[in-house]
Amino acid sequence: MSIKGFIFDLDGVLTDTAEYHYRAWKRLADELGIPFTREENEALRGIPRRESLLMLLKGRILPEATLNELMERKNGYYLEYIREISPRDVLPGARELLSDIRAAGLKAALGSASKNAREVIERLGIADLFDAVADGYSVTRQKPAPDLFLHAATLLDLSPAECVVVEDATAGVEAALAGGFTVVGIGPAERVGKAHVVLPTLAGVRLDDLLAQVAVHT
Ligand code: BG6
Ligand code: MG
């Protein structure tokens with residue numbers, strides 16, 4: 001079956017928000033007196049807000065209301081930091097690939113666990129390059145469950161076999177594989193090695209080359 005659409009993760013694929021997430025979690029962790037390193041932040045790639053907080057708390061049990069307050073506080077910091085995001089922050093190659101996809105008449109969706117995804121693509125100036133947005137509000141079961149990508153494919157009116165998922169997180173690659181998608185992993189093999197095609201970044205990646213690499217696996 002031929003590829004008719006692409007589903008892109010956002011954070012770490014189209015822009016590098018990991019640093020902003022790190023700064024926001026670090027500020028919260030400092031306030032709570034909990035040690036939190038950049039390495040620990042790496043493990044939160046693709047992990048939803050609530051699970052990220054539970055990992056940061058390292059087993060500390062807190063009432064539900066406190067968890068909610070801490071998530072809101074972290075998100076407030078994150079929103080403060082992402083005000084700095086502008087079209088200059090689209091990662092190299094991403095805008096070109098999205099433009100290629102449109103020019104070729106293929107479809108593109110966003111498939112991000114983030115509840116801030118719409119705001120981020122607006123700030124990046126790439127919102128109008130997507131036919132559909134699946135974000136942190138779209139499904140209940142988060143990555144590594146396939147639900148978010150399946151929802152994105154439904155919005156595009158395509159089957160998983162007709163879509164390529166582009167992901168930078170281990171949980172995201174697993175989610176896409178579980179959904180029956182062809183997967184392009186962005187980053188080191190230790191993180192995304194299970195993907196069908198692994199690329200260091202999207203820099204210089206053009207649609208024809210990518211479709212040729214993906215075709216071997218479809
Ligand atoms: C993912 C990020 O895209 O979104 C995670 O990789 C983040 O680090 C998750 O925790 C949820 O984001 P948000 O913006 O809803 O807190
Ligand atoms: Mg990501």
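Note that ligands are numbered from 1 as they come in the structure, with each ligand's atoms numbered from 1 the same way. Because the structure is predicted, anything quoted here is derived from the model rather than measured.
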>> By the definition salt bridge (Lys or Arg N to Asp or Glu O under 4.0 Å), identify the one residue from Arg27, Arg23, Arg73 that meets it with Glu80.
In response: Arg27

> Hey, mind stepping through Val166 and Ile186 against side chain to side chain contact (heavy atoms under 4.5 Å, CB included) and telling me if it holds?
Replying inline: CA-CA 7 Å; Val166 188; Ile186 304 295; 3.7 Å; yes

> CZ/Arg49 to OG/Ser114 distance, rounded to the nearest 0.5 angstrom?
Replying inline: 7.0 Å

>> Using a 4.0 Å cutoff against the non-hydrogen atoms of Ser52, which atoms of ligand 1 qualify?
In response: 10 (O)

> Is the closest heavy atom of Gly46 to ligand 1 under 4.0 Å?
Replying inline: yes

>> Are there over 12 heavy-atom neighbours, none belonging to Asn68, within less than 6.0 Å of that residue's CG?
In response: yes

> Just wondering, more than 12 heavy atoms not from Lys194 lying within 6.0 Å of its NZ?
Replying inline: no

>> With nothing but distance in play, are any N or O atoms of Asp9 less than 3.5 Å from an N or O of ligand 1?
In response: no

> So which of Ala169, Ala117, Ala171, Ser114 gets nearest to atom 14 (O) of ligand 1, if we judge by its closest heavy atom?
Replying inline: Ser114

> Taking the Mg ion (ligand 2) as the centre, how many protein N/O/S atoms fall inside a distance shorter than 2.8 Å?
Replying inline: 3

> Got a sec: does the CZ of Arg88 have more than 12 other heavy atoms crowding it under 6.0 Å?
Replying inline: no

> Any idea how Tyr78 and His21 line up, ring-wise: parallel (<30°), tilted (30 to 60°), or perpendicular (>60°)?
Replying inline: parallel

> Atoms of ligand 1 less than 4.0 Å from Ile47 heavy atoms?
Replying inline: 5 (C), 7 (C), 9 (C), 10 (O)

> Got an N/O contact under 3.5 Å between Lys115 and ligand 1?
Replying inline: yes

>> Let's go through Arg50 and Gln142 carefully: what are the C-alpha distance in whole Å and the side-chain angles of both, what is the deciding distance for side chain to side chain contact (heavy atoms under 4.5 Å, CB included) to 0.1 Å, and is it a yes or a no?
In response: CA-CA 11 Å; Arg50 187 186 170 82; Gln142 301 292 335; over 6 Å; no

>> Nearest non-hydrogen contact with atom 16 (O) of ligand 1 belongs to which option: His21, Arg49, Glu119, Arg50?
In response: Arg49

>> Just to check, does Leu10 reach to within less than 4.0 Å of ligand 1 when the distance is taken from its heavy atoms?
In response: no

> Would Leu57 and Leu67 count as a side chain to side chain contact (heavy atoms under 4.5 Å, CB included) if you check the C-alpha gap in whole Å, the side-chain angles of each, and the deciding distance to 0.1 Å?
Replying inline: CA-CA 10 Å; Leu57 290 173; Leu67 294 179; 3.6 Å; yes

>> For the backbone of Glu40 and the side chain of Thr37, can you confirm whether one donor and one acceptor N or O come within less than 3.5 Å of each other?
In response: yes

>> So, regarding Leu44 and ligand 1 (criterion: nitrogen or oxygen to nitrogen or oxygen, under 3.5 Å), is there a contact or not?
In response: yes

> Going by an N to O cut-off under 4.0 Å, is there a salt bridge joining Asp11 and Arg45?
Replying inline: no

> Side chain, backbone, both or neither: which part of Thr17 comes within less than 4.0 Å of ligand 1 when only heavy atoms are counted?
Replying inline: neither

> Parallel, tilted or perpendicular: which describes the rings of Phe36 and Tyr22, with under 30° parallel and over 60° perpendicular?
Replying inline: parallel

> Of Asn116, Asp11, Asn75, which has the heavy atom at the shortest distance from atom 2 (C) of ligand 1?
Replying inline: Asp11

> N/O of Trp25 under 3.5 Å from N/O of ligand 1, yes or no?
Replying inline: no

